[in-house]
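Atoms within each ligand, like the ligands themselves, are counted from 1 in listed order.
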Amino acid sequence: MDSEPPAARRRLFVQNFGCQMNDYDVERMREVLAARGYDAAASADEADLIVINTCSVREKAEAKVASAAGRFRELKQQRPGVMVAIGGCVAQQEGERLLKRIPVADFTFGPDQIPSLPELLDRRANGGRFAATDVTEVEQYRFLSAEPRPGQVPVTALVTIQKGCDNHCAFCVVPATRGREVSRPWREVVDEVTRFVAAGAREITLIGQNVNSYHGVGAADGDDFAELLARVDAVPGLQRLRYTTSHPHDFTNKVADAFRDLRTLCAWLHLPVQSGSSRTLKRMVRDYTRDQYLRQIEYVKSVCPDISLSTDIIVGYPGETDSDFAETLSLLETVEYDSIYSFEYSERPDTPALKLALRDNVPEEVKAERLQAVQTLQKGITARRLSRWVGRDVEVLVEGDSARYPGQLCGRTTGNEMVNFAGPPSLAGQMVTVRIVAARGHTLVGEHAMSAHRLSVIG
Ligand code: SAM
Ligand code: SF4
């Protein structure tokens, strides 16, 4: 890294796609590059360095890379000094091929290369285009420590506890792009949470591809996920704790008990099921059956009756029959999730499904019909679930101004439901009690006692 102070500040613009892991990676890029003299640019037009951070989980996500790069081609013609780098999972997987496909790219880099970004910029400044896709060995992998930036600390912050994944879900590209699972030492996790809370964060979400398989580092640090949750819960000043994502295979009753036992743990669980059919789950190599999954849900509801649940669903998996699909619909009705993310299956390179010769054989129109059926059913369930809040007073952690409803504030309940309500901007970062007066789509409409009083006095 440069020891010389930079001659002039330069500007960085990041176009990010994908999951929370990518959001987290972008923050690390900003930090690494800030040390090298880069500040955030408000738009690509004024940037000296543009990073496109990619996602390859689904085909549609991958297609966005080319169109994003296309937008920057003209810009680079006007200002040839601008550098364009492509990072993330597509860059890891496609490396050199991506350079050929996207001439505007100066270099591509995988997620493990983020700490080396300054050296990669030097390398490009001194030579030709290249792909940097080396993966760090598990033993050598070090997590970058996140530093809260004064004045920019979010009310809700992400803290990573793990990278990569050791599972073999047949549809999934993540193990191929992010490599073997590495757990972060618990002290680093607790220190980072402590720093963020001291700097003003109120809610922390612990992130990883399969947080339940967290195992610390070696025998001396051999915590399991439930123990890590208890350690984070004890951080003074922390008001709310969440985690994502869980794999049902590793989701134990001990982890579920934390919903009852921990002061800060929110009553919200994202537990991806993918399919309601045991036959499909087996062919997805998910290592649990429909019944086992339903027993886990039953247990979680027994320790935390008011919990809000969400899940991921894939429709049109290779060989999925009408009756398999009907089981997915019936599972949605049985569990009654508060919200779901649903996707049409898309074949991905280097996934176990290809090695198992599971061909993408459900016609596109059938996939589209099934997706529609899932979303229509869930819309009704979500509306029913949201309506249980109407008339109740709920605790809301205020995140700030609502992007959707100008002049209103937005915040979330413990169950992760978004609430919009009128109130003074000074409430941002505070936990307030809000009376829920209506449900609107996927969100709730609230009334803050103090604001309602003020309004009636003014009125
Ligand atoms: N680690 C998480 C887990 O175990 O559930 C999931 C990570 S993945 C980034 C997020 C979601 O994308 C998955 O839960 C799955 O529903 C969806 N997904 C992954 N691969 C897919 C594929 N090939 N086609 C469609 N959806 C896919
Ligand atoms: Fe992919 Fe399965 Fe790992 Fe989730 S648990 S990242 S779906 S392989």
As an exercise, identify every atom of ligand 2 less than 4.0 angstrom from a heavy atom of V174.
6 (S)
Taking the ring centre of each residue, are Y345 and F343 less than 6.0 Å apart?
no
Among C172, P248, G208, A170, which one has a heavy atom closest to atom 1 (Fe) of ligand 2?
C172
So is M21 touching ligand 1 or not, going by heavy atoms under 4.0 Å?
no
Judged by heavy atoms only, the candidate from N22, L271, V57 nearest atom 8 (S) of ligand 1 is V57
Is the contact between E344 and ligand 1 made by the side chain, the backbone, both, or neither, using heavy atoms and a 4.0 Å cut-off?
backbone
Spatial distance of atom CZ (R348) from atom CZ (R58) [nearest 0.5 Å]:
9.5 Å
Using heavy atoms and a 4.0 Å limit, tell me yes or no: is R178 in contact with ligand 1?
no
Yes or no on side chain to side chain contact (heavy atoms under 4.5 Å, CB included) for Q15 and I50, after CA distance, side-chain angles and deciding distance?
CA-CA 8 Å; Q15 171 113 43; I50 296 171; 5.6 Å; no
Quick one: look at Q274 and ligand 2, take heavy-atom pairs under 4.0 Å, and tell me if it's side chain, backbone, both or neither.
neither
For ligand 1, is N210 a contact, meaning one of its heavy atoms is under 4.0 Å away?
no
Between R178, E181, M284, Q209, flag the one that comes closest to atom 4 (Fe) of ligand 2 by a heavy atom.
Q209
Decide whether an N or O pair under 3.5 Å exists between I314 and ligand 1.
no
Here the atoms of ligand 2 under 4.0 Å from any heavy atom belonging to H247 are 5 (S)
With a 4.0 Å heavy-atom cut-off (strictly under), which part of Q209 contacts ligand 1: side chain, backbone, both or neither?
both
Run the numbers for me: atoms of ligand 2, each under 4.0 Å from some heavy atom of C165, listed by number.
3 (Fe), 5 (S), 6 (S), 8 (S)
Under 4.0 Å from one or more heavy atoms of Y345, ligand 1 contributes atoms 23 (N), 24 (N), 25 (C)
Checking contacts here: is it the side chain or the backbone of T245 that comes within 4.0 Å of ligand 1, counting heavy atoms only? Could be both or neither.
side chain
Protein residue, atom and distance nearest to atom 2 (Fe) of ligand 2, heavy-atom basis:
C169 SG, 2.3 Å
For atom 5 (S) of ligand 2, the closest protein heavy atom turns out to be N167 ND2, 3.3 Å
Within the side chain of D112, is there an N or O that forms a donor-acceptor pair under 3.5 Å with the backbone of T136?
yes
Using heavy atoms and a threshold below 4.0 Å, how should the contact between P175 and ligand 2 be classified: side chain, backbone, both, or neither?
side chain
For ligand 1, does F343 get within less than 4.0 Å through its side chain, its backbone, both, or neither, judged by non-hydrogen atoms?
side chain
Number the atoms of ligand 2 from 1 as they appear, then name those within less than 4.0 Å of a heavy atom of R286, with their elements.
2 (Fe), 7 (S)
Suppose we measure from atom 22 (C) of ligand 1 to each protein heavy atom; which comes out shortest, and what is that distance?
S346 O, 3.6 Å
Under 3.5 Å: N/O of D312 near N/O of ligand 1
yes
Give me the nearest non-hydrogen protein atom to atom 4 (O) of ligand 1 as residue plus atom name, then the distance to 0.1 Å.
R286 NH1, 3.5 Å
Of the protein's non-hydrogen atoms, which lies at the shortest distance from atom 17 (C) of ligand 1, and what is that distance?
R58 NH1, 3.2 Å
Check ligand 1 against Q274 and write out every atom of the ligand that is under 4.0 Å from a heavy-atom position of the residue.
5 (O), 13 (C), 14 (O), 15 (C), 16 (O)
Is the gap between the ring centers of H270 and Y341 under 6.0 Å?
yes
Quick check on contacts: which atoms of ligand 1 are under 4.0 angstrom from a heavy atom of P272?
5 (O)
